[in-house]
Amino acid sequence: INKVKPEYVKSFEFERKLLPSTWIVVRIDGRHFHGFSEEHEFEKPNDGQALNLMNSCAVAVMEEFKDVVFSYGVSDEFSFVLKRDSQFHDRHASGIVSAIVSFFSSMYVMKWKGFFSQKGLKNPPPSFDGRAVCYPSKEILRDYLAWRQVDCHINNQYNTCFWMLVKSGKSKSEAQDYLKGTRAQEKSELLVQQFGIDYQTLPAMFRQGSSVFWGEEDPTESYSDGPDGKSWKKVVVEHCNIIEQSFWEAHPNILDEEH
Ligand code: DGT
Ligand code: MG
Ligand code: MG
Ligand code: MG
Ligand code: MG
């Protein structure tokens, strides 16, 4: 018979509790997706289906975890913003992060076939890491999201140039040397002059990433009443500029207190 007292064993457990009244952002990121995207022959630099699969998983996260009020995704990552006064898992970082990251990973596997009917999932299966960071004000939260969207733009512009150069016959190291030290303006000119591509006409999902949030009720659509008498809303995916003030002015409810 084991005489160890449970309270004694439990006393070693330590929970990092996240600062109250701050915006919690859980950012998840695909593990080794460099290899995963090669192995599954994702289109370069952007695979529309792979991105749509990520977005679909993010929609599922928002439907499952009602405290998540906004999500932003690019490449193999997604940031999930929890409402400021969320009490999810008592604001314990490990509980929040592990719940979201495991739900997302399971969804990714479950939904895979719906997006890649001709391609099976290979070993090792996809997995994601996750972290939680608190942002103390709306302004700083918006700076965080702007940072991710700027990153999306910089990487996408670089990758678009890089893969156009490679597809036109340059080796990867030649393409890399060619682009070394070039500015945004020069890359934009390169695309137009050498490949006849106007960067602005590329799909918005590639240029702007994906924003996922609960849409406003559209009076032209019919909504059935929910159990609480309120009409149902649905999660929408948009590819828009979230750096500019205008997005947040058009959607004031997203970061509102009442959810
Ligand atoms: P990590 O996160 O440290 O485990 O390592 P990775 O390999 O996941 O690196 P990360 O997250 O910095 O970069 C994402 C990788 O995923 C990058 O090598 C490009 C690849 N990737 C993401 N989305 C796409 C896509 O749509 N098409 C292709 N071809 N590759 C993609
Ligand atoms: Mg990572
Ligand atoms: Mg990754
Ligand atoms: Mg990544
Ligand atoms: Mg449990």
Side-chain angles (χ1 to χ4, degrees), residues 25-61 70-81 97-98 100-109 111-133 144-176 179-180 187 191 195 197 199 201-212 237-239 242:
V25 175
V26 175
R27 183 168 76 249
I28 63 144
D29 184 283
R31 293 180 60 243
H32 315 309
F33 261 49
H34 181 75
F36 184 84
S37 59
E38 291 281 335
E39 189 69 23
H40 293 84
E41 297 171 328
F42 283 7
E43 280 174 36
K44 294 169 192 300
N46 294 289
D47 188 294
Q49 284 304 87
L51 295 171
N52 283 323
L53 169 57
M54 291 288 290
N55 295 345
S56 179
C57 295
V59 169
V61 165
F70 185 79
S71 313
Y72 178 74
V74 45
S75 180
D76 67 340
E77 70 168 61
F78 244 99
S79 297
F80 296 103
V81 181
V97 172
S98 60
I100 291 178
V101 88
S102 79
F103 185 86
F104 190 97
S105 303
S106 300
M107 275 294 160
Y108 194 94
V109 173
K111 288 172 175 282
W112 175 270
K113 232 183 154 44
F115 290 85
F116 295 103
S117 54
Q118 310 299 328
K119 282 184 211 171
L121 260 179
K122 296 180 183 170
N123 259 325
S127 59
F128 294 82
D129 65 27
R131 70 199 66 196
V133 179
Y144 165 79
L145 293 169
W147 169 55
R148 296 323 301 140
Q149 191 163 45
V150 166
D151 215 50
C152 169
H153 169 71
I154 291 171
N155 290 333
N156 187 56
Q157 201 192 29
Y158 181 90
N159 292 337
T160 304
C161 291
F162 179 85
W163 287 107
M164 285 312 297
L165 290 167
V166 170
K167 283 172 188 175
S168 73
K170 284 198 173 7
S171 73
K172 286 182 184 174
S173 66
E174 282 170 346
Q176 206 176 347
L179 292 171
K180 198 168 275 172
K187 289 194 195 73
L191 286 176
F195 306 109
I197 294 173
Y199 184 79
T201 64
L202 295 177
M205 179 163 67
F206 301 169
R207 290 181 292 110
Q208 310 259 44
S210 300
S211 298
V212 187
V237 180
E238 289 188 8
H239 316 290
I242 56 168

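Counting starts at 1 for both ligands and their atoms, following the listed order. Residues: numbered from 1 along the sequence shown.
A donor-acceptor pair under 3.5 Å is absent between the side-chain atoms of Q157 and the main chain of K187, judged by distance alone. A side-chain donor-acceptor contact under 3.5 Å links R207 to the backbone of L202. Side chain of H239 to main chain of F206: no donor-acceptor pair is present (N/O by atom type, distance under 3.5 Å, no hydrogens or angles). Distance alone, capped at 3.5 Å, is enough to place a donor-acceptor pair between the S106 side chain and the S102 backbone. The backbone N or O of F115 sits less than 3.5 Å from a side-chain atom of Q49, completing a donor-acceptor pair. A donor-acceptor distance shorter than 3.5 angstrom exists from the side chain of N159 to the backbone of N155, with no hydrogens or angles considered.
Ion pairing of K119 with E39 is absent here, as no side-chain N (NZ or NE/NH1/NH2) approaches a carboxylate O to less than 4.0 Å.
Note: an N/O pair closer than 3.5 Å links D76 and ligand 1 by distance alone. Checking only distances, L51 never comes within under 3.5 Å of ligand 1, N or O to N or O. An N or O contact shorter than 3.5 Å links D47 to ligand 1 by distance.
Per-residue contacts place K44 under 4.0 angstrom from the following atoms of ligand 1 (heavy atoms of the residue considered): 29 (N). When each atom of ligand 1 is checked for a heavy atom of R31 under 4.0 Å away, the hits are 4 (O). Taking every non-hydrogen atom of H32 and a distance limit under 4.0 Å, the qualifying atoms of ligand 1 come out as 1 (P), 4 (O), 5 (O), 6 (P), 7 (O), 8 (O). Residue D29 approaches ligand 1 through these ligand atoms, each under 4.0 Å from one of its heavy atoms: 2 (O), 11 (O). Applying the 4.0 Å criterion to heavy atoms of N46 picks out, from ligand 1, the atoms 26 (O). Taking every non-hydrogen atom of E43 and a distance limit under 4.0 Å, the qualifying atoms of ligand 1 come out as 27 (N), 28 (C), 29 (N). Of all the atoms in ligand 1, the ones that sit under 4.0 Å from a non-hydrogen atom of P45 are 25 (C), 26 (O), 27 (N), 28 (C).
Within the 4.0 Å heavy-atom shell around ligand 1 one does not find G35. At least one heavy atom of G30 sits less than 4.0 Å from an atom of ligand 1.
Residues Y108 and F128 form a side-chain contact, since some pair of their non-hydrogen atoms from C-beta on lies under 4.5 Å apart. Residues H40 and L121 are in side-chain contact: their nearest non-hydrogen atoms beyond the backbone lie under 4.5 Å apart.
Taking the six-membered ring where tryptophan is involved, the planes of F162 and Y158 are essentially parallel, since the angle between them stays under 30° and well short of 60°.
Checking D76 against the Mg ion (ligand 3), an N/O/S atom falls under the 2.8 Å cut-off. Within the 2.8 Å limit, G30 places at least one N, O or S atom next to the Mg ion (ligand 3).
The closest approach of D29 to the Mg ion (ligand 4), by N/O/S atoms, is made by OD2.
Only the side chain of S37 comes within 4.0 Å of ligand 1, judged by heavy-atom distances.
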